[in-house]
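This report concerns only the one structure given below.
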Amino acid sequence: MGADPADSPPSRTRLARVVLTTFLFAFLSSRILVFLIMSRRIPDLYLRLGGTHVHHLNHGIFLLTAVGAWLLFGRPGGRGLRVAAVLYGVGAALTFDEFGMWLHLGGPYWQRASFDAVAVLASLFGAIAFAPPWRTFRARHWLATAGLLLAVLAFSLLLVESFDYAGRTVAPRLIDVERNAPR
């Protein structure tokens with residue numbers, strides 16, 4: 001009887017794609033849920049301990065810690081690595097979704113730093129997921145990478161004004177939603 005293909009070790013690229021997919025799904029889900037709770041469209045689902053709101057960044061930190069310990073001490077393979085990739089993507093999304101709170105404790109949930117951190121991580125995961133392995137890079141790959149980095153830099157500079165405009169127009173509304181959210 002042959003080995004179960006589900007137990008075969010997944011490739012780096014496949015794992016990176018799992019991380020990217022779950023990261024984006026968890027980030028979008030958490031943002032949507034928080035908005036729905038703050039706008040009172042769904043009941044308050046926040047975890048509270050002794051009257052203290054436990055932010056989902058804490059869930060992400062514990063999840064990342066557990067996944068790291070499992071990978072170091074449990075050394076999973078095959079299916080276990082795929083599960084670790086899913087849990088890692090979710091933990092990273094929950095943690096970096098509130099990255100702005102790392103920098104500005106007690107600041108509003110809708111901080112630009114959080115969005116920027118998520119965009120940078122999603123881009124990094126995407127590059128890992130879809131780039132060929134470094135050892136197979138040829139001159140044309142390095143040129144394409146340099147061109148892509150320049151294009152991303154130029155595009156980012158163009159987006160700064162757009163994000164600033166969005167921040168000036170949308171942020172006050174989001175802060176009002178947060179101010180009126182259940183405590």
Side-chain angles (χ1 to χ4, degrees), residues 4-48 53-72 74 76-104 107-133 148 152 155-156 159 162-163 166-167 170-171 173-175 177-178 181-182:
D4 183 359
D7 290 331
S8 62
S11 69
R12 172 191 63 88
T13 301
R14 184 159 176 81
L15 287 174
R17 289 178 183 172
V18 169
V19 169
L20 174 63
T21 302
T22 57
F23 176 84
L24 292 173
F25 179 78
F27 166 71
L28 291 172
S29 298
S30 67
R31 282 284 163 131
I32 290 167
L33 281 173
V34 166
F35 179 77
L36 292 173
I37 291 168
M38 287 183 168
S39 64
R40 300 177 193 262
R41 292 192 173 119
I42 64 172
D44 180 354
L45 304 172
Y46 297 133
L47 173 64
R48 297 184 194 288
H53 171 186
V54 179
H55 288 272
H56 59 266
L57 114 93
N58 296 294
H59 305 296
I61 291 169
F62 285 114
L63 190 54
L64 289 173
T65 302
V67 169
W70 181 31
L71 291 171
L72 281 172
R79 190 173 292 151
L81 280 176
R82 285 186 282 281
V83 171
V86 167
L87 295 175
Y88 178 80
V90 171
L94 293 176
T95 302
F96 282 91
D97 179 43
E98 294 189 329
F99 179 76
M101 290 183 177
W102 302 7
L103 304 174
H104 310 284
Y109 174 74
W110 306 100
Q111 294 185 40
R112 169 77 191 273
S114 295
F115 181 80
D116 291 348
V118 167
V120 167
L121 270 180
S123 299
L124 179 63
F125 291 150
I128 293 168
F130 294 99
L148 182 61
V152 166
F155 184 70
S156 298
L159 282 180
S162 183
F163 279 132
V170 176
R173 293 181 191 139
L174 292 174
I175 290 170
V177 167
E178 183 177 1

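This is a predicted model, so every value here is computed, not measured.
More than 12 heavy atoms of other residues, nucleotides or ligands lie within 6.0 Å of CZ in Arg12, so this atom counts as buried by the packing criterion.
Here the closest heavy-atom approach between residue Ala85 and residue Val18 is recorded as CB-CG1, 3.7 Å. Taking each heavy atom of Leu64 and Ala92 in turn, the nearest pair found is CD2-N, 3.7 Å. The two residues Pro76 and Leu81 have their closest heavy-atom pair at O-CG, 3.5 Å. The shortest heavy-atom contact between Ala26 and Ala93 is CB-CB, 3.6 Å. Of all non-hydrogen atoms in His59 and Leu94, the two that sit nearest each other are CB-CD1, 4.2 Å.
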Worked verdict on Leu71 versus Tyr88 for side-chain contact (heavy atoms from CB on, under 4.5 Å): CA-CA 10 Å; Leu71 291 171; Tyr88 178 80; over 6 Å; no
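Residues that satisfy the ring-ring contact (aromatic ring centres under 6.0 Å, His included) test with His53, not counting sequence neighbours, are Tyr46, His55. Residues forming a side-chain contact (heavy atoms from CB on, under 4.5 Å) with Leu24 (at least two apart in sequence, or on another chain): Leu20, Ala122. Partners of Phe23 according to the ring-ring contact (aromatic ring centres under 6.0 Å, His included) rule, which considers only residues two or more places apart in sequence or in another chain, are Phe125.
To the nearest 0.5 Å, the span separating OG on Ser30 from CG on Leu57 amounts to 11.0 Å. Arg17 CZ to Thr22 OG1: the interatomic distance, rounded to the nearest 0.5 Å, is 14.0 Å. Ile42 CD1 to Ile37 CD1: the interatomic distance, rounded to the nearest 0.5 Å, is 4.5 Å. Atom-to-atom distance recorded for Phe27:CZ and Thr95:OG1 is 13.0 Å, nearest 0.5 angstrom. Taking NE2 of His56 as the reference point, atom CD1 of Ile61 lies at 11.0 Å (rounded to 0.5 Å).
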